[in-house]
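All remarks here apply to the structure that follows.
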Protein chains: 2
Amino acid sequence: MNQAIRLHQVASPLKATCNKCSLSNLCLPLAVEENDLERLEDIVLQGKIFNRGEHIFDQSTSSKSCFAVRSGSVKTSIITEGGDEQVTGFFMPGELIGLDSMATDNYACTAKVLERTSVCEFPVAKLEQLTRKLPELQHHMYHLMSQEIQNSHQLAMLLSKNTAEERIAALLLSLSSRFQRRRMSPTNFSLPMARNDIANFLGLAVETVSRVFTRFQNQGIIKARGREVELLDVEALQRVTRDFARQGCR
Amino acid sequence: MNQAIRLHQVASPLKATCNKCSLSNLCLPLAVEENDLERLEDIVLQGKIFNRGEHIFDQSTSSKSCFAVRSGSVKTSIITEGGDEQVTGFFMPGELIGLDSMATDNYACTAKVLERTSVCEFPVAKLEQLTRKLPELQHHMYHLMSQEIQNSHQLAMLLSKNTAEERIAALLLSLSSRFQRRRMSPTNFSLPMARNDIANFLGLAVETVSRVFTRFQNQGIIKARGREVELLDVEALQRVTRDFARQGCR
DNA sequence: ACTGAAGTTTGATATGGATCAAATTTGACG
DNA sequence: CGTCAAATTTGATCCATATCAAACTTCAGT
């Protein structure tokens with residue numbers, strides 16, 4: 001922890017090392033050739049640390065950067081004037097936050113850290129400039145943004161057409177596959193978010209989420225104790241989601 | 001109509017004239033300087049015409065272009081393996097379709113024309129290339145895509161937190177303001193889509209949509225006969241949407 | 001203008017999940 | 001390690017909207 005703090009403090013003067021980052025196959029470096037990596041490293045502010053509950057940025061404040069999760073996890077949400085909140089996404093290491101505000105003056109959402117989390121910051125102005133010089137990177141940005149639109153449409157679909165059980169099964173499977181891509185167990189993981197956040201994200205009441213969890217548990221599909229979850233029967237979960245496109249939920 | 005067909009046939013050899021287009025303040029030319037406009041005109045395929053019900057492109061087919069609506073209107077939707085459909089957006093003149101597939105191999109949705117519609121086609125490969133040379137255009141593309149993500153999040157919000165009345169009021173207000181920006185009456189317009197599409201888009205049953213329309217009518221908030229709609233009391237509609245962000249629905 | 005199909009409206013009924021209420025568990029912090 | 005607030009679970013009830021059914025209207029094609 002002491003080390004982490006020091007890391008934070010010396011972040012900007014220290015040269016970033018995307019090439020040594022374990023997430024280089026998930027994050028932006030993925031799209032950049034070996035010899036161009038340095039240019040990405042030139043613009044990134046590496047290793048900012050946030051404690052649980054802290055905000056990376058706030059809705060309606062001036063939008064200056066995108067952030068890649070390095071470790072930990074993040075939730076984004078939009079809030080109406082009336083105070084209603086809608087969680088719009090959960091982000092895991094290697095995923096990029098702030099694409100919905102890439103080219104707008106203010107952040108369209110608030111990004112809140114769900115646990116102690118480290119992020120890399122990409123100033124949008126510099127990133128935009130760099131994408132003009134690195135076609136692969138530009139293409140990747142378009143790709144990520146397209147993907148984000150698609151995810152969001154899938155979420156809309158989930159919200160408008162699926163039952164509580166289907167929504168929760170879809171979320172569990174999405175998390176599972178994302179853990180797997182990060183070389184963690186796809187069947188045995190700890191949820192980064194509270195039931196409350198799940199409920200809000202999926203357009204359900206907390207009580208409903210809780211009930212579905214216990215129902216799944218009674219059916220022997222999962223084992224859940226608090227945030228600790230074990231998927232006992234992935235096929236059954238897939239059967240629950242039925243025809244819902246599995247990848248489409250963040 | 002004869003003229004329209006001829007226009008279609010000679011589209012590619014004919015030089016596009018974005019600078020003379022009445023939509024140049026809404027569409028891509030908006031972001032391009034006078035003297036660079038020619039370069040945009042070089043890549044656009046202008047004036048393709050579709051008859052009501054025809055598809056501009058189909059989900060899962062190879063994605064090659066974005067399309068700007070020139071006249072008419074379009075709906076986009078995603079369809080699951082199970083055949084479930086979710087309408088993801090309605091598009092009016094000057095709006096760009098296909099951003100969710102900008103940098104993916106296949107189209108993520110199907111674009112269906114709601115009435116006789118003319119579109120301009122922007123091949124993605126050329127567009128991407130051009131954005132590298134025209135920073136303003138690149139910025140605009142990022143902006144449009146960010147916007148699309150935001151819209152989609154607002155839709156998710158609408159679907160998960162709002163009642164049938166609120167959803168329909170929000171849609172009517174969104175259409176209203178979009179008609180207005182196109183110099184058409186904001187209170188007196190004809191819906192381009194069927195009740196069915198509205199229901200699907202808003203995650204409601206057709207019957208519910210119909211009922212809410214008549215309820216609004218009985219309250220003297222709107223007058224609706226088929227697709228012909230008149231907003232009699234915009235303030236009342238706004239009161240119905242309450243704290244829902246009004247711009248956030250397509 | 002005629003006709004059938006598709007779209008829309010209206011009514012009656014059923015239900016999934018919200019809401020209200022309260023018990024139980026977890027976990028942060030002194 | 002004890003305490004209190006927050007998170008989670010469980011139970012009882014209610015309601016907005018889906019669903020089922022059927023009449024009515026619109027409109028494209030002949």
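Keep in mind the model is a prediction, meaning the values are calculated, not measured. Each chain gets a letter, A, B and so on, in the order the sequences are listed, and its residues count up from 1.
Nucleic acid contact for Gly203(B): sugar-phosphate only, since backbone atoms but no base atoms lie under 4.0 Å from a heavy atom of the residue. Note on Arg215(B): nothing from the nucleic acid sits closer than 4.0 angstrom, heavy atoms only. Looking at heavy-atom distances under 4.0 Å, Ala205(A) makes contact with a base.
Taking 4.0 angstrom as the limit, Ser210(B) places a side-chain polar atom (N or O) nearer than this to OP1 or OP2 of dT9(C).
A donor-acceptor contact closer than 3.5 angstrom links the side chains of Thr76(A) and Thr88(A). Ser73(B) and Glu115(B) are linked by a side-chain donor-acceptor pair at a separation below 3.5 angstrom, with hydrogens and angles left out of the test. Judged by distance alone, the side chains of Ser77(B) and Gln86(B) never bring a donor and an acceptor atom under 3.5 Å apart.
Salt-bridge formation is detected for the pair Glu85(A)/Lys75(A): a Lys NZ or Arg NE/NH1/NH2 atom is positioned less than 4.0 Å from an Asp or Glu carboxylate oxygen. Between Lys161(A) and Asp84(B) there is no salt bridge, since no side-chain N of the basic residue sits under 4.0 Å from a carboxylate O of the acidic one.
Between Glu165(A) atom CD and dT15(C) atom P the separation is 16 Å, expressed in whole Å. The distance from atom CG of Asp197(B) to atom C1' of dT8(C) is 13 Å, rounded to the nearest whole Å. Atom P of nucleotide dG27(C) and atom CD of Glu115(A) are separated by 14 Å, given to the nearest angstrom.
Where Val209(B) and Arg52(B) each meet DNA chain D at their nearest nucleotide, the meeting point lying more 5' is that of Val209(B).
Between the side chain of Arg211(A) and the base of dG16(C), no donor-acceptor pair of N or O atoms lies under 3.5 Å.
Put simply, chain B comes within 4.0 Å of DNA chain D, heavy atom to any atom, from dT17(D) to dA28(D), going 5' to 3'.
Note: Gln59(A) CD to Ile79(A) CD1 = 6.0 Å, rounded to the nearest 0.5 Å.
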